[in-house]
Engineer: 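Here it is: the structure, laid out below.
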Amino acid sequence: MNDMRLTQRTDVSQTKIAAQHVDVHYGTTHAIKDVSVEIGDRLVTAFIGPSGCGKSTFLRCLNRMNDTVASARVTGRITLDGEDIYAPSVDPVQLRARVGMVFQKPNPFPKSIYENVAYGPKIHGLARNRAELDGIVERSLRRAALWEEVKDRLQAPGTGLSGGQQQRLCIARAIATEPEVLLMDEPCSALDPIATAQVEELIDELRQTYAVIIVTHSMQQAARVSQRTAFFHLGHLVEYGETGQIFTNPRDPRTESYISGRIG
Amino acid sequence: MADTPLYGADSPAGSVIDRIRPGLAARRRKELRLKIYGLVAMGIAFGMLALLIGSLVFTGWRAFTQTHVTLDVFLDPAEIRAETLPRGGFDSVLEASLLQYFPEATERAERREVMGILSNGAQFILRDRVVADPSLIGQTIRVTVPTSDSYDQLRKGLIDRETPERLRRLNDAQVERFDRLEAAGVVSQPLNWALLRNADSRFPELAGLRGALVGSFWLLLICFLISFPLGIAAAIYLEEFAPKNRVSDLIEVNINNLAAVPSVVFGLLGLAVFINWFGMPRSAPIVGGMVLALMTLPTIIIATRAALKAVPPSIREAALGVGASRQQVVFGHVLPLAMPGILTGTIIGLAQALGETAPLLLIGMNAFITSAPDGPFQAATALPTQIFIWADSPERGFVSRTSAAILVLLSFLIAMNALAIFLRQRFQRTW
Ligand SMILES: Nc1ncnc2c1ncn2[C@@H]1O[C@H](COP(=O)(O)OP(=O)(O)OP(=O)(O)O)[C@@H](O)[C@H]1O
Ligand SMILES: [Mg+2]
């Protein structure tokens, strides 16, 4: 698209994920239209845009979750550390261990809180023994700001938690495998301001080691936690750049009107 | 937008309520009518059921007790010898014991008539006791043996003493003799355990369901062992792994068709393929179980697929999202969550199989077999075919036994369905 302008980057950050001319179709619906973007490592990138513009769809391309949707067709090239993730040699299982995901709707397993967090490390064989696994579970729950609330009932079912607690449980589950990239689809939509602040703190901390992509409907949140912001509209990536620049000095009139609350 | 009211811009406020109100009474009447239709339908259904069970209980309850005579029998060593044990001698000692009550019966014909009070099987009951403990020979032992069917009917009031003698199955002398036994206090009518303990017999007072129960057990076991793993495997493949294309659509349609094929056709198939072609034994539960498995398979596949579909996709996504393989997703998450539904479907399928008659008739499981099978390769009957055999028998005693057998079959079916409901309630999840 000619209206897609990549900003000249001021900070030096390696590219973790690069997408080139990505299109996604759901049957006849053209959900993502020729999106090219470079996601920096050790940065938080926010995806913003009105409902239905394709944020979740694009996010799900980055760990090949769209493979599970029969009608979805993804074209274009997406690389992780320079390697094409849609290449036949790439195992989606391994990819998803490297690129973790927190879904828009909290979806804990109907198992115990402990089992929820321990599941990823278990299936990938990351813990050598029970004590190590216990440690991983505790650290993950602490980072997800849930430990204090659940430490006495780790064997209680994860589905018995409140909506916000469930979402933090899903965050703990996603970070328990130490992914290199964490995709978060509106992780705070069910959280109260205190939990939101905790999750934002977590995101900031994760940035030290990972690349984080967060979809959000809250402009304030995007401004608070992200260094880069991408604005999607009707399947197009309209504008992508430094968060500060996007919010203070957007180049595209659509970005401007969305941020100021006129589209959406 | 400066909104104008959608309704009655020209009429005063409250117009929405004014428009709704006149229709309310009609809506409520409609609802009431629907409720009444529902209640009537339920009433009819339950009435039918009550009628069925009621008539079965009415004719069948008498078969749950059996008239017996208790005798002190002297096991005369002159009549019974160890070397002739499996055979004769037992009728003579029984006769000697019974004749004590009828000293006047000296004629051979009369003595035969007296012996007619006891079931033909009485001597075998006595024999089995002696075979089990040969040291009894020479002693006097007390045995309780069933009477023959006519006297059983007499005591249960099914033979009316008021009917003229020539229209009655027992003449006046026979009735009078039985009354004397009764007066002597040796006649009793205990619970009829033989109904469950004995296999089939020509004599109604000896006939029981043991052979049919064991036969049905083997049938269901084989049916389950074949159809459960195959059904689940097929359903998992179709639901989770098969590409969605023309071929899988065709398979889906055909599985649904298979579920609708009349059972008699499966019986013919079993006869043609398993017995005539593979040369498997006739009347054997192994063949019956395989035929029933073919019938149950589509039921289990359909139930399993429905249960797998009912697992919310978010659970699959969650597992895939942390890097589980498809196999791990299915066996670690989806299948456990679907298990209650699968088990419910399986039990309902097995309950259907338990009551299935036509295919078993075709493969010869309605043979007259007087012992319970030792394994799935021996000829046997099953509960429904036993009912079929008894319903077809002319002896009066089989009438109540048929109803009793139906009640036994129904109680198994009800127990299985109750188990299915219990499983569904117990493991039902909400997401
Ligand atoms: N599984 C699907 N099948 C068909 N169409 C889909 C599917 N998922 C999404 N779409 C369509 O793709 C478009 C983008 O959807 P997407 O979920 O990516 O939006 P979104 O930006 O995440 O919206 P929101 O902010 O409401 O979550 C929408 O028009 C939607 O209808
Ligand atoms: Mg979304």
Side-chain angles (χ1 to χ4, degrees), chain A residues 56 59-60 62-71 91-111 115-126 140 157-160 166-167 169-185, chain B residues 1-2 235-253 305-344 423-431:
Chain A
S56 299
L59 201 66
R60 291 163 58 91
L62 304 181
N63 68 344
R64 292 185 56 174
M65 278 310 282
N66 280 332
D67 289 13
T68 62
V69 180
S71 64
D91 184 355
V93 167
Q94 206 188 344
L95 173 72
R96 291 183 197 129
R98 292 174 66 192
V99 183
M101 184 155 195
V102 176
F103 293 84
Q104 190 161 354
K105 241 175 52 192
N107 55 355
F109 300 130
K111 301 186 176 193
E115 284 294 322
N116 263 282
V117 183
Y119 183 69
K122 260 190 194 165
I123 58 170
H124 296 301
L126 299 180
S140 307
T159 39
Q166 288 188 11
Q167 190 60 300
L169 180 62
C170 293
I171 293 174
R173 181 177 64 193
I175 60 180
T177 50
E178 296 256 308
E180 300 163 33
V181 180
L182 188 61
L183 311 175
M184 303 176 106
D185 198 345
Chain B
M1 267 188 285
I236 287 178
Y237 176 74
L238 288 174
E239 198 55 41
E240 305 285 335
F241 296 102
K244 302 278 175 282
N245 55 24
R246 278 274 186 76
V247 179
S248 60
D249 285 350
L250 194 74
I251 291 176
E252 167 134 33
V253 168
R305 293 189 66 178
L308 292 174
K309 268 206 191 89
V311 175
S314 65
I315 300 287
R316 286 168 224 262
E317 292 208 319
L320 286 172
V322 291
S325 67
R326 286 235 272 196
Q327 176 265 332
Q328 284 170 325
V329 174
V330 171
F331 287 92
H333 298 277
V334 178
L335 203 55
L337 293 177
M339 225 10 147
I342 296 175
L343 287 181
T344 306
L423 282 175
R424 199 160 46 208
Q425 299 280 336
R426 176 77 177 68
F427 295 104
Q428 201 168 42
R429 270 175 211 276
T430 44
W431 281 281

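Reminder, nothing fancy here: chain letters follow the sequence lines and each chain counts from 1.
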Engineer: We want to know whether Asn63(A) and Arg96(A) form a side-chain donor-acceptor pair, criterion being a heavy-atom distance below 3.5 angstrom.
Structural biologist: no
Engineer: Identify which of Lys244(B), Arg326(B), His333(B) forms the greatest number of heavy-atom pairs closer than 4.5 Å to chain A.
Structural biologist: His333(B)
Engineer: Between Pro179(A) and Val99(A), is there a side-chain heavy-atom distance shorter than 4.5 Å?
Structural biologist: no
Engineer: Of the listed residues (Gly321(B), Ala318(B), Ser325(B)), which shares the most heavy-atom pairs with chain A below a 4.5 Å separation?
Structural biologist: Ala318(B)
Engineer: Mind checking whether Thr68(A) and Leu320(B) have side chains closer than 4.5 Å, heavy atoms only?
Structural biologist: yes
Engineer: Where does Arg60(A) contact chain B at under 4.5 Å (heavy atoms): side chain, backbone, both or neither?
Structural biologist: side chain
Engineer: With rounding to the nearest 0.5 angstrom, report the NE2 to CD distance, His124(A) to Glu178(A).
Structural biologist: 12.5 Å
